[in-house]
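Heads up, the thing below is written out as structure tokens.
Here the structure is a predicted model, which is why all the values come from computation and not from measurement. One-based numbering, in listed order, for ligands and for the atoms of each.
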Amino acid sequence: MCYAIPGKIKRIEGKKVVVDYFGEEKRALNEFHQLKVGDYVSAQGGFVIKKVEPQDAKDTLVAWKELFFELQEIDLQLSRLKPKDKKLNKDLSRILDKALEGYQLKKEELLYLLEREKPDELNMLYASANFLRQKYHKNSCCIHGIIEISNHCSKSCQYCGITLTNQRLKRYRMSPEEIVSAACEAVEKYGFQALVLQSGEDPVYKVEDLATIIGNIKKKVPVLICVSFGEVGLDGLEKLYQSGARALLMRFETSNPELFKKLHPGQTLDSRLAHLRRAQELGYIIISGGLIGLPGQTKEDLINDILLAKDLRTEMYSFGPFLAHPETPLADSPKLSENEVLKVLALARLIDPEKAKILVTTAFETLSLRARKTGLSAGANSVMLNVTPETYRKKYDIYPDKVYSETSLKAQITETIDLLKSLGRAPTDLGVSQ
Ligand code: SAH
């Protein structure tokens, strides 16, 4: 659940509260607050983030109500399926109908979809994914912020621009005070309610330091913290959870163990998966996925990637294109087309229609300036904005020419909200501050 619009508690079921959002019921876990039926709360990722004063809540809801229903109507129109073109490939038609009726597709059917190239066939695939997104998720769109706290890294992932072996990169490390202050500003000034803290595997920041930083943020502002520091160890995950982190962003990158090994010297897929499984047990929200278009990756690998994400009970799917970085061993790799990414997003929606939140990644937005619009119209329903202080943003150089590196946060927010409104999506995460 990603509604930051306040909702009213209808019932309390043990540790969970049932919250009403314009007639829709959502459940959220309450860990920190004294709550009773009739209180207003805002929630993120299934966790109650804060109690909201009744008058403030009512004011926000009045301001939102009309727009909310207006947006829902636009979305409904845009996601309606058009009558099928009679000339359309019969196999494709049959597979899409099967998915639309709620059946799981077989691997060979998924592969068939991934192999489509013709524009009218691809449009049908995207429209079906968009239909399923609307059916199960309505028009809500998660907007999370990401703060890239350090580009130091002790690992040498072959595709990544902040790899240990990139001698040319100017390294930076935000101080704990800078991190806390950037997080507070994102919440208090810009209305974010969910923030990802990300870095390379920085040997200087120990888990204990990161836990203290998270604890300090949580003391100051109500926010869902998602951690993305790489492999911090299974105990490390527990410490970060105890300090208040509630989501983990960790891609498994590829589900193919051999390919994983090749691309990550000294690392194993098993260890990455052990982290993801332990995080799930601890109660973290899982954000995971992989890279699309890695050298040596097959279409079967990509299908297995999406299936693995589902198996890991991933709440938010993060699949983005691999973009070759000049200072890495994979510098000469070819550029991917927009459709290769869209197909994966659409398939993720078909494979996990009801539960998946699907992210339009910044890498995809770097590959194509239309990515947000096309991605959100092909099954995706989440975006991430870059909240890293502008002085550091360019240095978090995982791939070249990262989009929004020089766009102020305010401009990013305005642009995002305008786009979401044009698509009939409710930018519910930032709604309160607008
Ligand atoms: N240390 C953290 C964060 C790594 S960087 C971790 O290990 O999880 C965040 C993500 O950037 C990676 O998971 C990877 O999928 C992506 N990434 C790295 N290099 C990339 C490239 N060249 N193109 C696209 N995405 C890249």
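Geometrically, Arg246 engages Tyr241 in a cation-pi contact defined by less than 6.0 Å to the ring centre and at most 45° from the axis. In this structure, Arg393 fails the cation-pi test against Tyr396, since its NZ or CZ atom is not both closer than 6.0 Å to the six-membered ring centre and inside 45 degrees of the ring normal.
Salt bridge annotation for Glu258-Lys261: absent, with no cationic side-chain nitrogen under 4.0 angstrom from a carboxylate oxygen. With salt bridges taken as basic N to acidic carboxylate O contacts below 4.0 Å, none links Glu31 and Lys15.
Only the side chain of Gln198 comes within 4.0 Å of ligand 1, counting heavy atoms alone; its backbone N, CA, C and O stay farther away. Neither the backbone nor the side chain of Ala324 comes within contact range of ligand 1; no heavy atom lies under 4.0 Å. Residue contacts with ligand 1 for Phe252 are absent, since no atom lies close enough (heavy atoms, distance under 4.0 Å). Residue contacts with ligand 1 for Cys157 are absent, since no atom lies close enough (heavy atoms, distance under 4.0 Å). For Glu253, every heavy-atom contact with ligand 1 shorter than 4.0 Å involves the side chain, none the backbone. Contacts of Arg251 with ligand 1, taken as heavy-atom pairs under 4.0 Å, involve the side chain alone.
Distances below 4.0 Å separate heavy atoms of Cys160 from the following atoms of ligand 1: 18 (C), 19 (N). Counting atoms of ligand 1 from 1 in the listed order, those under 4.0 Å from a heavy atom of Leu291 are 15 (O), 24 (C), 25 (N), 26 (C).
Residue Tyr159 has at least one N or O atom closer than 3.5 Å to an N or O atom of ligand 1. Considering backbone and side-chain N/O atoms, Tyr399 never comes within less than 3.5 Å of an N/O atom of ligand 1.
Here the heavy atom of the protein found nearest to atom 24 (C) of ligand 1 is Pro321 O, 3.1 Å. Looking only at heavy atoms of the protein, atom 2 (C) of ligand 1 is closest to Ser199 O, 3.4 Å.
Residues Val180 and Cys184 form a side-chain contact, since some pair of their non-hydrogen atoms from C-beta on lies under 4.5 Å apart.
For the ligand labelled ligand 1, residue Ser318 lies outside the 4.0 Å heavy-atom shell. Residue contact annotation: Tyr396 has a non-hydrogen atom under 4.0 Å from ligand 1. The closest approach between a heavy atom of Arg272 and any atom of ligand 1 is below 4.0 Å. Residue Cys153 places no heavy atom under 4.0 Å from ligand 1.
Other residues, nucleotides and ligands place no more than 12 heavy atoms under 6.0 Å from the CD atom of Glu406. The environment of OH in Tyr136 is crowded: more than 12 heavy-atom neighbours from other residues, nucleotides or ligands sit within 6.0 Å.
Between the His137 side chain and the Ala380 main chain, no donor and acceptor come within less than 3.5 Å of each other. Distance alone, capped at 3.5 Å, places no donor-acceptor pair between the Lys239 side chain and the Leu210 backbone.
Between Tyr392 and Tyr172, the ring planes lie parallel to each other; the angle is under 30°, not in the 30° to 60° tilted range.
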